[in-house]
Amino acid sequence: MIKMNYVVVGTNDIQAAVLFYDSLFAAEGLQKLEASERMTYWLGEDFAFSVAIPFDQAAATHGNGTMVGFNFGSVEKVEAIYANALQLGATCEGMPAQRGPRFSAYVRDLDKNKLCFSD
């Protein structure tokens, strides 16, 4: 069986990105690990997510068609995390709604990385 090892999204402002994801993940019980001045991880059981200034020091850009999906386990958590993300400066890419078998919502973070929150 294959498992996802980790996901990294790029940022051009590590301090702003860390504040955004610290607040987004505040209630999830994740461990934060500052691996270096350019990279921070949030770790949990079978979960590893990171923001990083690109290694090549070129500007971070979002991928067209790239998206990171987070499963929060309930409709209520999806609605709450979506609202929190917008308050933190994310932009809406799709309000919370039932989409096929999942209740989900979509945002772009401060660096325009696309995120999906689902139940």
Side-chain angles (χ1 to χ4, degrees):
M1 176 168 80
I2 296 174
K3 289 186 177 183
M4 181 65 66
N5 191 22
Y6 60 86
V7 172
V8 178
V9 295
T11 184
N12 293 304
D13 185 340
I14 192 73
Q15 290 177 330
V18 167
L19 286 173
F20 178 85
Y21 285 103
D22 270 349
S23 297
L24 196 67
F25 297 145
E28 302 309 314
L30 301 173
Q31 173 192 359
K32 182 169 85 172
L33 172 66
E34 295 177 12
S36 69
E37 290 181 4
R38 65 171 213 59
M39 179 177 268
T40 299
Y41 281 93
W42 290 264
L43 306 168
E45 186 174 332
D46 292 327
F47 182 89
F49 177 81
S50 178
V51 293
I53 294 172
F55 183 77
D56 67 3
Q57 299 180 357
T61 60
H62 62 280
N64 185 21
T66 303
M67 179 171 45
V68 178
F70 297 96
N71 183 326
F72 284 96
S74 74
V75 168
E76 296 78 19
K77 292 274 290 204
V78 168
E79 290 172 337
I81 205 81
Y82 169 82
N84 188 26
L86 294 181
Q87 288 179 337
L88 294 168
T91 56
C92 176
E93 285 282 316
M95 294 178 63
Q98 190 71 37
R99 293 177 173 88
R102 296 276 188 194
F103 185 86
S104 56
Y106 300 86
V107 300
R108 291 210 181 253
D109 72 6
L110 305 179
D111 290 286
K112 299 194 183 340
N113 296 300
K114 191 169 184 180
L115 310 176
C116 174
F117 309 137
S118 70
D119 62 352

Closest heavy-atom contact between [X] and [Y]?
X   : Y    : value
A17 : V51  : CB-CG2, 4.1 Å
A90 : V107 : CB-CB, 4.0 Å
N84 : L24  : ND2-CA, 3.8 Å
A60 : N12  : N-OD1, 2.8 Å

E93 vs K114, side chain to side chain contact (heavy atoms under 4.5 Å, CB included): CA-CA, chis, key distance, verdict: CA-CA 8 Å; E93 285 282 316; K114 191 169 184 180; 4.0 Å; yes

Evaluation steps, side chain to side chain contact (heavy atoms under 4.5 Å, CB included), between L33 and T40: CA-CA 6 Å; L33 172 66; T40 299; over 6 Å; no

Any chance [atom1] of [X] has more than 12 other-residue heavy atoms, nucleotides or ligands included, within less than 6.0 Å?
X    : atom1 : answer
N64  : CG    : no
Q15  : CD    : no
K112 : NZ    : no

Result of checking F70, F72, F47 against E28 for side chain to side chain contact (heavy atoms under 4.5 Å, CB included): F72

[X] [atom1] to [Y] [atom2] distance, which is reported to the nearest 0.5 Å:
X    : Y    : atom1 : atom2 : answer
Y6   : M4   : OH    : CE    : 10.5 Å
D111 : T11  : CG    : OG1   : 3.5 Å
F20  : L115 : CZ    : CG    : 6.0 Å
C92  : R108 : SG    : CZ    : 11.0 Å
Y82  : M95  : OH    : CE    : 5.0 Å
R38  : S50  : CZ    : OG    : 8.0 Å

Test: D119 and K77 ion pair at under 4.0 Å: no

Report yes if the side chains of [X] and [Y] come closer than 4.5 Å at any heavy-atom pair, otherwise no.
X   : Y    : value
R99 : Y106 : yes
Y21 : D109 : yes
P96 : F103 : yes

Cluster overlap M39 with I53, hydrophobic side-chain contacts below 4.5 Å: no

V8-L110 co-clustered via ILVMFWY side chain contacts under 4.5 Å: no

Chi angles and distances behind the side chain to side chain contact (heavy atoms under 4.5 Å, CB included) call for V68, F49: CA-CA 10 Å; V68 178; F49 177 81; 4.2 Å; yes

Verdict with supporting geometry, H62 and T66, side chain to side chain contact (heavy atoms under 4.5 Å, CB included): CA-CA 7 Å; H62 62 280; T66 303; over 6 Å; no

Donor-acceptor contact below 3.5 Å, side chain Q87 vs main chain G89: no

